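Can you read through this structure? Questions will come right after.
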2 protein chains.
Amino acid sequence: MSPTKAVENRREQILREAARLFAERGFHGVGVDEIGAAVGISGPGLYRHFTGKDAMLAELLVGISGRLLAAGRMRVAETPDPAEALDALIRGHIDFAIDDRPLITLHDRELDRLRETDRKLVRQLQRQYVEEWVAVVRRVHPHATELEARAAVHAVFGLLNSTPHLGSQSGLPERSATAALLQRLALSALAALDGETALDSGDDRRVTY
Amino acid sequence: MSPTKAVENRREQILREAARLFAERGFHGVGVDEIGAAVGISGPGLYRHFTGKDAMLAELLVGISGRLLAAGRMRVAETPDPAEALDALIRGHIDFAIDDRPLITLHDRELDRLRETDRKLVRQLQRQYVEEWVAVVRRVHPHATELEARAAVHAVFGLLNSTPHLGSQSGLPERSATAALLQRLALSALAALDGETALDSGDDRRVTY
DNA sequence: CCCGTGTGTTAGCGGTCGTTAACTCGATGG
DNA sequence: CCATCGAGTTAACGACCGCTAACACACGGG
């Protein structure tokens with residue numbers, strides 16, 4: 001094998017443990033010694049693999065954002081029917097939320113700890129991902145305004161990203177059961193966009209457009 | 001007025017600014033000098049009002065947890081109809097999520113930074129609040145299992161607590177419009193609990209119970 | 001055989017942070 | 001008029017943290 005293979009494994013191992021620790025105790029709450037100890041080396045040995053603690057967080061956030069966007073775009077591209085595409089988007093996001101819980105947590109929690117260039121990149125990836133969702137949601141629910149759809153997408157992200165809270169206290173038994181329930185909840189929430197009221201006017205509820 | 005009044009105001013001012021800073025940059029990311037500067041005094045002057053930085057966070061988290069629980073219990077107690085009680089619970093939570101955004105953020109983000117005694121208290125308050133919701137949800141959606149209802153409640157919390165993400169980029173125009181949309185999304189999400197599949201068995205989807 | 005390279009170690013530096021100590025000062029009340 | 005007290009100041013200390021420096025050592029190829 002190529003000599004970079006072992007290095008890659010080490011890097012990935014470090015990133016995995018760093019993600020877990022950052023999610024548990026916050027970026028500033030974890031010392032480099034603890035990250036090193038989690039992978040069996042100690043402290044400054046990490047600097048053979050990363051230029052610094054910031055670089056680890058940056059690689060984690062850029063990675064998860066990019067993978068979310070790539071997976072979302074792929075699923076949308078290969079699913080012509082909008083309703084099925086929305087289903088696929090939700091299912092894909094649930095996979096990330098369940099399998100990469102620490103990353104999902106970091107992704108909307110420690111973004112401000114990045115240097116500005118990295119932060120702008122991550123934000124751009126996140127924005128494109130949201131746009132992907134908004135476009136599909138508006139095709140499935142044409143009555144929704146742009147603002148409504150965008151807010152609803154953020155709300156559904158909050159719903160789907162609630163998985164970290166489920167594991168803490170007794171949680172659901174099976175992964176597939178959790179995924180199925182979240183899928184139904186998210187789809188059903190978005191179905192509210194076909195309801196009555198619009199919100200561009202400050203008026204009270206109205207039934208017709 | 002009593003001499004404690006000015007003290008209370010100062011304390012509340014400090015707590016408000018501390019909550020904002022903690023939510024923005026994380027508990028470990030904010031120094032006591034910054035908190036002091038935010039209220040016009042500097043650094044160690046805070047120790048005339050709090051025994052330490054930890055005490056500020058503890059008071060914030062116990063406060064929001066307690067107020068959420070108290071408000072929820074009151075609304076449930078004075079609303080006999082379960083569907084209306086659920087509506088009131090959602091509306092009350094939205095009020096907190098919109099008006100006390102930093103506290104809602106801290107509430108599920110910095111809990112682990114508390115000393116164990118405070119952490120246990122906050123967790124107990126949170127658990128009781130969840131139980132209040134679960135009881136009402138199960139009365140409105142009797143087909144849902146305990147586990148389903150609990151997971152759905154956590155998911156709806158995630159949905160409602162997404163407000164901090166809305167304000168960051170363009171957000172919704174009016175407070176009442178945002179509140180109304182979140183209300184519809186949350187109610188509609190929970191309506192999925194009346195759907196087909198159960199999840200206590202590991203089998204595939206079934207239509208009957 | 002040995003030398004370069006990858007990967008680790010320990011010691012230590014410079015800076016930051018939470019907290020305490022010692023002091024100041026205006027207001028208040030007998 | 002002075003003693004007390006609440007509320008703030010600055011200085012400084014000890015601990016911790018991210019990171020660098022200097023060194024160790026296995027190993028693979030000429």
Side-chain angles (χ1 to χ4, degrees), chain A residues 1-61 106 110 112-116 118-119, chain B residues 1-61 106 110 112-116 118-119:
Chain A
M1 302 298 171
S2 70
T4 57
K5 189 57 176 300
V7 176
E8 288 301 308
N9 286 342
R10 192 51 137 184
R11 278 179 64 91
E12 286 165 19
Q13 184 193 13
I14 293 171
L15 285 176
R16 188 166 10 97
E17 295 302 310
R20 185 180 55 81
L21 289 168
F22 289 161
E24 282 175 6
R25 304 214 284 279
F27 179 69
H28 290 299
V30 180
V32 290
D33 291 356
E34 304 178 66
I35 302 173
V39 298
I41 73 182
S42 222
L46 297 168
Y47 287 76
R48 298 287 169 197
H49 305 275
F50 296 92
T51 70
K53 197 180 153 195
D54 301 340
M56 300 181 209
L57 183 65
E59 193 160 328
L60 285 171
L61 295 191
L106 289 181
E110 308 281 357
D112 300 323
R113 262 53 98 197
L114 260 51
R115 295 196 337 283
E116 197 199 337
D118 294 320
R119 193 171 55 239
Chain B
M1 301 300 170
S2 70
T4 58
K5 190 56 176 301
V7 175
E8 288 302 304
N9 285 342
R10 192 52 135 182
R11 277 179 65 92
E12 286 165 18
Q13 184 193 12
I14 293 172
L15 285 176
R16 188 167 8 99
E17 294 304 310
R20 186 180 53 82
L21 289 168
F22 289 160
E24 281 174 6
R25 304 214 284 280
F27 179 70
H28 291 299
V30 180
V32 289
D33 291 357
E34 304 178 67
I35 303 174
V39 298
I41 73 183
S42 223
L46 297 170
Y47 286 75
R48 297 286 168 197
H49 305 275
F50 297 92
T51 70
K53 198 181 154 197
D54 302 340
M56 298 182 210
L57 183 65
E59 192 159 328
L60 286 171
L61 294 191
L106 290 182
E110 309 281 359
D112 300 323
R113 261 55 98 196
L114 259 50
R115 296 198 333 286
E116 199 201 336
D118 294 320
R119 191 171 59 239

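Given the structure is predicted, the values throughout are model-derived calculations rather than measurements. In what follows, chains carry the letters A, B, and so on, assigned in the order in which the sequence lines appear, proteins first and then strands, with residues in each chain numbered from 1.
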Which atom of A:Leu106 lies closest to which atom of A:Ala23, heavy atoms considered: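 For A:Leu106 versus A:Ala23, the nearest heavy atoms are CD2-N, 3.7 Å.
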message: Looking only at the side chain of A:Arg48 (C-beta and beyond, no hydrogens), which of the listed nucleotides D:dC19, D:dC23, C:dT19 gets closest?
response: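 Per side-chain heavy atoms of A:Arg48, the pick is D:dC23.
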- request: Determine the contact category for B:Val39: base if any of its heavy atoms lies under 4.0 Å from a base atom, sugar-phosphate if only primed atoms, P, OP1 or OP2 are that close, otherwise nothing.
  value: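 The residue B:Val39 makes no contact with any strand.
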message: Expressed as a whole number of angstroms, how long is the span from A:Asn9:CG to C:dG6:P?
response: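 Taking CG of A:Asn9 and P of C:dG6, I get 17 Å after rounding.
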query: Distance check: side-chain N/O of A:Arg10 vs OP1/OP2 of C:dG6, anything under 4.0 Å?
result: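 For C:dG6, neither OP1 nor OP2 has a side-chain N or O of A:Arg10 closer than 4.0 Å.
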- prompt: Rounded to the Å, how far apart are A:Gln13 CD and C:dT7 C1'?
  reply: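 Result: 14 Å.
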- request: Please state how far atom CD1 in A:Ile41 lies from atom C1' in C:dT10, giving the value in whole angstrom units.
  value: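 Between C1' of C:dT10 and CD1 of A:Ile41: 14 Å.
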query: Under a 4.5 Å cut-off applied to non-hydrogen side-chain atoms, are B:Leu46 and B:Met56 in contact?
result: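 Side-chain contact under 4.5 Å: yes.
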message: Is any side-chain heavy atom of B:His28 closer than 4.5 Å to one of A:Phe27?
response: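 No. Closest side-chain heavy atoms not under 4.5 Å.
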field: Sidechain N-carboxylate O distance under 4.0 Å for A:Arg119, A:Glu116
entry: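 So A:Arg119 does not pair with A:Glu116 through a salt bridge.
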Spacing of CZ belonging to A:Arg113 relative to CG belonging to A:Leu57, to within rounding of 0.5 Å: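 Rounded to the nearest 0.5 Å, the CZ-CG separation comes to 8.5 Å.
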query: Within this structure, what is the CG-to-P distance between A:Leu46 and C:dG8, rounded to whole angstrom?
result: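 It works out to 9 Å between those atoms.
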message: For DNA chain D, which residues of residues 51-59 of chain A approach it to below 4.0 angstrom with any heavy atom?
response: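 Going residue by residue through residues 51-59 of chain A, the ones with a heavy atom under 4.0 Å of DNA chain D turn out to be A:Gly52, A:Lys53.
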query: Across the strands shown, which category fits B:Gly45 at heavy-atom distances under 4.0 angstrom: base, sugar-phosphate, nothing?
result: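 It contacts base atoms.
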query: A:Tyr47 has an atom OH; how far is it from atom P of C:dG6, in whole Å?
result: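 After rounding, the reported distance stands at 20 Å.
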- request: Would you mind reporting whether A:Glu24 and B:Asp112 have side-chain heavy atoms less than 4.5 Å apart?
  value: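 They are not in contact (no side-chain heavy atoms under 4.5 Å apart), so the answer is no.
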Nearest-angstrom distance from the residue atom CZ of B:Arg113 to C1' of C:dG18: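 Whole-Å distance recorded here is 17 Å.
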- prompt: Taking NE2 from A:His49 and P from C:dT5, how many angstroms apart are they, rounded to a whole number?
  reply: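 So the NE2-P distance, A:His49 to C:dT5, works out to 18 Å.
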task: May I ask you to verify if any side-chain N or O of B:His28 is less than 4.0 angstrom from the OP1 or OP2 atom of C:dC17?
output: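 It does not, given that no N or O in the side chain of B:His28 lies less than 4.0 Å from OP1 or OP2 of C:dC17.
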field: Listed nucleotide nearest any side-chain atom of A:Val32, set D:dA11, D:dG18, C:dT9
entry: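 Nearest to the side chain of A:Val32 among the choices is D:dG18.
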task: Verify the distance criterion only: is there a donor paired with an acceptor across the side chains of B:Arg10 and B:Gln13 at less than 3.5 Å?
output: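 Present: a donor and an acceptor within the cut-off.
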task: Take the protein atom CZ of A:Phe50 and the nucleotide atom C1' of D:dT20, then report the distance between them rounded to whole Å.
output: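 Computing the A:Phe50:CZ to D:dT20:C1' distance gives 19 Å.
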